[in-house]
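I have placed the structure first, in the form of structure tokens, so that the comments after it can refer back to it.
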Amino acid sequence: MRLTLRVWRQAGPRDAGALKQYEIPDVSPDMSFLEMLDVLNERLERQGDRPIAFDHDCREGICGSCSMTIDGRPHGPQQGTTTCQLHMRRYRDGDTITIEPFRATAFPVVRDLVVDRTALDRIIQAGGFVGVATGNAPDANAIPIAKPDADRAMDAAQCIGCGACVAACPNASAMLFAGAKVTHLGLLPQGQPERYRRVLAMVERMDMEGFGGCTNFGECHEACPKEISLATIARLNADFLKASLTRRDS
Amino acid sequence: MELNAGVPAGPLEKKWDSHRFELRLVNPANKRKHTVIVVGSGLAGASAAASLGELGYKVQCYCFQDSPRRAHSIAAQGGINAAKNYQNDGDSIHRLFYDTIKGGDFRAREANVYRLAQISVNIIDQCVAQGVPFAREYGGLLANRSFGGAQVSRTFYARGQTGQQLLLGAYQALERQIAAGTVEMFPRTEMLDLVVIDGQARGIVTRNLVTGAVEANLADAVVMATGGYGNVFYLSTNAKGCNVTATFRAWKRGAAFGNPCYTQIHPTCIPVSGEYQSKLTLMSESLRNDGRVWVPKRKGDKRPPTAIPEVERDYYLERKYPSFGNLSPRDIASRAAKEVCDEGRGVGETGLGVYLDFADAIRRLGLDKVRERYGNLFEMYERITGENPYQLPMRIFPAAHYTMGGLWVDYNLMSTIPGLFVLGEANFSDHGANRLGASALMQGLADGYFIIPYTLGDYLARARPAPVAGDHAAVKTTLAEVNGRIERILAGDGKRTVDEFHRELGRIMWECCGMERNAAGLRRALDAIPALRKSFWYDVRVVGTGQEFNQSLEKAGRVADFLEFAELMCRDALHREESCGGHFRSEHQTQDGEAARDDERFAYVAAWEYAGDDREPILHKEPLVFENVHLATRSYK
Amino acid sequence: MGWIAGFYRSTIGRKIVMAATGLLLVGFVAAHMTGNLLIFRGRDAFDAYSHFLQGLGGLLWLGRGILLASLLLHVHSAWTLTRQAQAARIDGYAESDPRAATRSARAMRWGGVLLLVFIVYHIFHLTVGSVHPDFRRGEAYGNVMTGLGVSWVALFYLAAMGALALHLRHGVSSLFQTLGVNHPHLNPVFAKVATALAFVVPLGFAAVPLAVLFGLVR
């Protein structure tokens, strides 16, 4: 099939960018979206043009590298699917597809569709962990964990840190990302000792990085390739409120 | 070059214990005076960097991805083995040790494997304490499943995302150390060479992938956890960024490369669909727990699978290996698939595929149970192929997946360059000629959490590396060489893209050094690779400059190294005149087509030393001594 | 008291303040609306109700103080969060395709501004009386009749009630989420309550200007 692409091209963080149009005459429906871009890039390179820069790595929907907004939707139109797992059989001959980077002030553009998402790492640094040094763990079965709790923790822990939630949110909020981690660790006994310190520190960092607040639009959940629940945000709110009311340290 | 494995004396069970007592310590106040470089942030790298940071070393951690959480360990699906014997089904440290040695076709070092089995139990404890949400039973205790090559259930798992959860545990421990200031993280920074001064590894040369700045970073020791080289086949289950550059450059600086021909072809991957294919997707081996593998009995049977009656199906794994059946080890299952496809009984349009059928499992367990166990894998399969595996059997085919070979290391995980430690898939150490499922995660974390923290200290205490100046002659030369290579790549004004060369190399390697190898094919590859390399250097086209974010340049550097490394792989495969594990030489097989090992001549580790660009590498042998297991012909029948 | 400042500085803290004050204001509008309906019982009943409220004295002022403070916090948190959200995405998308956001959610900001303008006008119109054509202290019923007898004023009141409907719909359905309550059993209940309030309260309010406009009350 024949497709028209409008792709955001931007040489560097301080350069101006613009949408540029490309025609691809020979797209196979079995290609993945990124393979379609590979084909275009090889063609550009043969012509001596700069290929389109985009982040990608595992191409099986788990590393969270791929980050592009396709026709206004982070990771494209398919529910619960990363860009790398999106296949061209979703499209019809003659379609025009607009591809832009994940947009947020906290995610500055590096080049073309590549953005800097280290702000998410810094949120984890603030407290998204259990402070257990190597070697001082008790036996793994010493603390039983109810299966429903373990399952819910796993639901939240599936977050791949891609930032689609931020990209989709009209406020560029990182609440789903932070909520997923706070929920994952907060549901497990191992996460209890630091539960309230964690939520305060992570929220403080999140605000500092320049993400917006949550207004319960729900776009984040809609865009999330792992379909993380909005309940994680409620839990973040509840833990934050409890922590604020009960913390004793400054 | 002398290979001294440094395996401690004494009975197998006591070796690691007594060795730990022998190892020297660095006192806490001195630890912070030592800078340690960790390259790679996967399970091995992240766990090492975090653990060394916790101990108080000044750690610098480098990864080429935009975040340490994206390392390819994240994609491991099935699980992690540990000899916990929670299931009371007869497991023990000794059994895990034996299964791993046997699974590796008796080509691994006993002492290392035993230590791995011992440490396996601590890994699970550590990960649970970090908040890894392993699967649990209703009683609240950990669940297990069985995996290829084992008759006990010792695999711990977190749905089909075990690697992800373990990596996030290690990543979170790493981020905690970054916040504490003990680890400095350098994402989007790629190691392009190793700095060796006075025979010791003293740093690395890196390129900042955003700005293009090439820099030397010096330290008292270098820990490489840079993964495997499966992408030498172009199509593999590895992430697109996985590459051999770090280990290959270290090889050129004097680190011996162990068993490069040992590569694992994973039996359950989604088949290739076209020329544009950029990677292959693995379907977890855990699927073989409940899925049944079959092909039609009749050649060229093009009926849809549901129209083929039971009696006309050949469940060939169950037929050939009745006691392990669909859970036969990977190398055996892969070759069996190739065999039936070679007979013309393969399925799908290309004829390169076999069925993995869940109809029985759905009947036996119910749709919900199957969905609970494999739901995310089934969804992934449907997204990629457009077929619904709840209704139609999956089509699968083997694909390059893991490389058992890697830099040679001693018992302390140190390479032949003092001060250069190699962990995880990047080293050759624990899996012999074939790795069992759910063992890669175990090894990566064992190396990073529980081995390197001890052995690195011993090295620093003994070697006491002297301070080096940033403008040391060796630093300058290494920098100049790296810059020279980049300039050479950019200077080319050819017509072909980097990927064209990579695909071509992949075809040669898959055909001649893939699932089945023979002398004639390997010789053909050894002719073809240098020719391809030559044409790469005059015909490759890389657009852009070195002083910017340039993904084509990154790729070109990696492919250039693959083009050299592939030759070493073929050379090793050619010299090993036996079949063992993932290395199957068609000249060496038993009458019923099984691998014929030659313990008389080949019970050794082949460690190759770089001797110069225009000279053949030198082969060194580390004999493998088996004091605790009986060398047997592997049988899964 | 530093923790209060810290709490209010954070995005979540301000959202919680917005939700809590919102909850209070929802209670107020519901009560206000119920009181308004007394107008259909005639002049005497309505004026008596008005005199009763006036007679509360200090209590009335306490109530007004709390409501004013809630309103100010509600508006301030909304205003600053909006500014922050705008700063969080300076370069926007060329294409956007929102899927989840409801119309009421998207109306929160402009609807909120309209409501604020309305509230200020309404206070000066029927409480203070300074923008009323013929305000007579103590004659609440008469003031409503003459005040809403001006048709553009009645229409403005109706428009504001439209905005209130949307505001309540999203506000009530999401304030529990913001306060940290999200449960598969409760969420549908919250959604139904929000929908019910979004219909009943604005309709109850709108009944008055409509009745005046169509001469159903005199």
Side-chain angles (χ1 to χ4, degrees), chain A residues 6 8 17 19 69-73 77 79 98-101 103-106 109 166-175 178 199-200 203-204 206-207 209-223 229-242 244-245 247 250, chain C residues 2-20 77-78 80-106 108-109 112 170-184 186-187 190 194:
Chain A
R6 298 162 67 220
W8 185 263
L19 286 171
T69 303
I70 302 167
D71 287 333
R73 304 206 35 86
Q79 203 86 22
T98 304
I99 311 171
E100 297 175 80
R103 293 209 181 275
T105 310
V109 171
V166 176
C169 176
N171 308 326
S173 173
M175 290 282 279
V199 68
L200 293 174
V203 170
E204 188 184 358
M206 182 176 79
D207 288 348
E209 294 290 345
F211 295 102
C214 176
T215 46
N216 303 319
F217 283 113
E219 294 293 349
C220 51
H221 167 71
E222 204 67 18
S229 160
L230 292 175
T232 61
I233 294 182
R235 198 179 167 92
L236 177 64
N237 290 331
D239 275 10
F240 181 82
L241 181 58
K242 256 181 263 173
S244 299
L245 294 175
R247 71 172 162 175
S250 64
Chain C
W3 73 270
I4 295 181
F7 179 74
Y8 193 71
R9 247 197 321 273
S10 75
T11 48
I12 299 185
R14 263 175 291 157
K15 261 311 277 212
I16 290 173
V17 167
M18 200 197 291
S77 53
T80 52
L81 283 171
T82 302
R83 298 295 303 225
Q84 199 168 333
Q86 285 163 345
R89 181 172 295 123
I90 292 165
D91 299 319
Y93 288 109
E95 292 269 330
S96 95
D97 177 17
R99 292 272 176 92
T102 55
R103 197 169 313 143
S104 59
R106 274 178 267 176
M108 286 312 266
R109 283 173 188 154
H170 179 72
V172 175
S173 68
S174 84
L175 71 83
F176 295 100
Q177 162 88 0
T178 302
L179 293 174
V181 187
N182 178 313
H183 193 280
L186 294 176
N187 295 346
F190 296 151

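Here is the naming used below: chain letters follow the sequence lines, and residue numbers restart at 1 for every chain. These values consider heavy atoms only, across backbone and side chains, with no hydrogens, waters or symmetry-generated copies. Because the structure is predicted, anything quoted here is derived from the model rather than measured.
Ranked by heavy-atom pairs shorter than 4.5 Å toward chain C, the options A:K242, A:R235, A:M175, A:E219 are led by A:E219. Between chain C and the residues A:G213, A:A231, A:P101, the most heavy-atom pairs under 4.5 angstrom are made by A:A231. Counting heavy-atom pairs under 4.5 Å between each of A:W8, A:F217, A:F211 and chain C puts A:F217 at the top. With chain C as the partner, the residue from A:L19, A:I70, A:N216 showing the most heavy-atom pairs under 4.5 Å is A:N216. The choice from C:I90, C:N187, C:T178 that makes the most heavy-atom pairs within less than 4.5 Å of chain A is C:T178. Comparing C:V181, C:L81, C:D91 by how many heavy-atom pairs each has under 4.5 Å with chain A, the most go to C:D91. When each of C:H170, C:R106, C:H183 is scored by its heavy-atom pairs under 4.5 Å with chain A, the top score falls to C:H170.
Of the two parts of A:A223, neither the backbone nor the side chain holds a non-hydrogen atom closer than 4.5 Å to a non-hydrogen atom of chain C. Using a 4.5 Å cut-off between heavy atoms, A:C220 does not touch chain C at all. For a residue to count as touching a neighbouring chain, one of its non-hydrogen atoms must lie under 4.5 Å from one of that chain's; by this rule C:A94 touches chain A with backbone and side chain alike. Of the atoms belonging to A:T69, it is side-chain heavy atoms, and not backbone ones, that fall under 4.5 Å from chain C. Contact annotation for A:V166: only backbone heavy atoms (N, CA, C, O) come within less than 4.5 Å of a heavy atom of chain C. With a threshold of 4.5 angstrom between heavy atoms, A:T98 approaches chain C through side-chain atoms but not through N, CA, C or O.
Nearest heavy atom pair, residue A:L236 against residue A:A178, reads CD2-CB, 4.1 Å. C:A194 and C:S173 get closest at one heavy-atom pair: CB-N, 3.5 Å. Taking both residues in full, the closest heavy atoms of C:E95 and C:Y93 are given as O-CB, 3.1 Å, listed atom of the first, atom of the second, then distance. Taking all atoms of both residues into account, the shortest heavy-atom contact from C:W3 to A:S244 is CE3-O, 3.4 Å.
Between A:D71 and A:R73 no salt bridge is recorded (no basic side-chain N to carboxylate O distance below 4.0 Å).
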side-chain contact (heavy atoms from CB on, under 4.5 Å) between A:C214 and C:T11, worked out: CA-CA 8 Å; A:C214 176; C:T11 48; over 6 Å; no
Pair C:M108-A:T215, side-chain contact (heavy atoms from CB on, under 4.5 Å): steps then yes or no: CA-CA 9 Å; C:M108 286 312 266; A:T215 46; over 6 Å; no
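No donor-acceptor distance shorter than 3.5 angstrom exists from the side chain of C:R89 to the backbone of A:G212, with no hydrogens or angles considered.
Atom CD1 of C:I12 sits about 12.0 Å away from atom CD of A:E204, to the nearest 0.5 Å.
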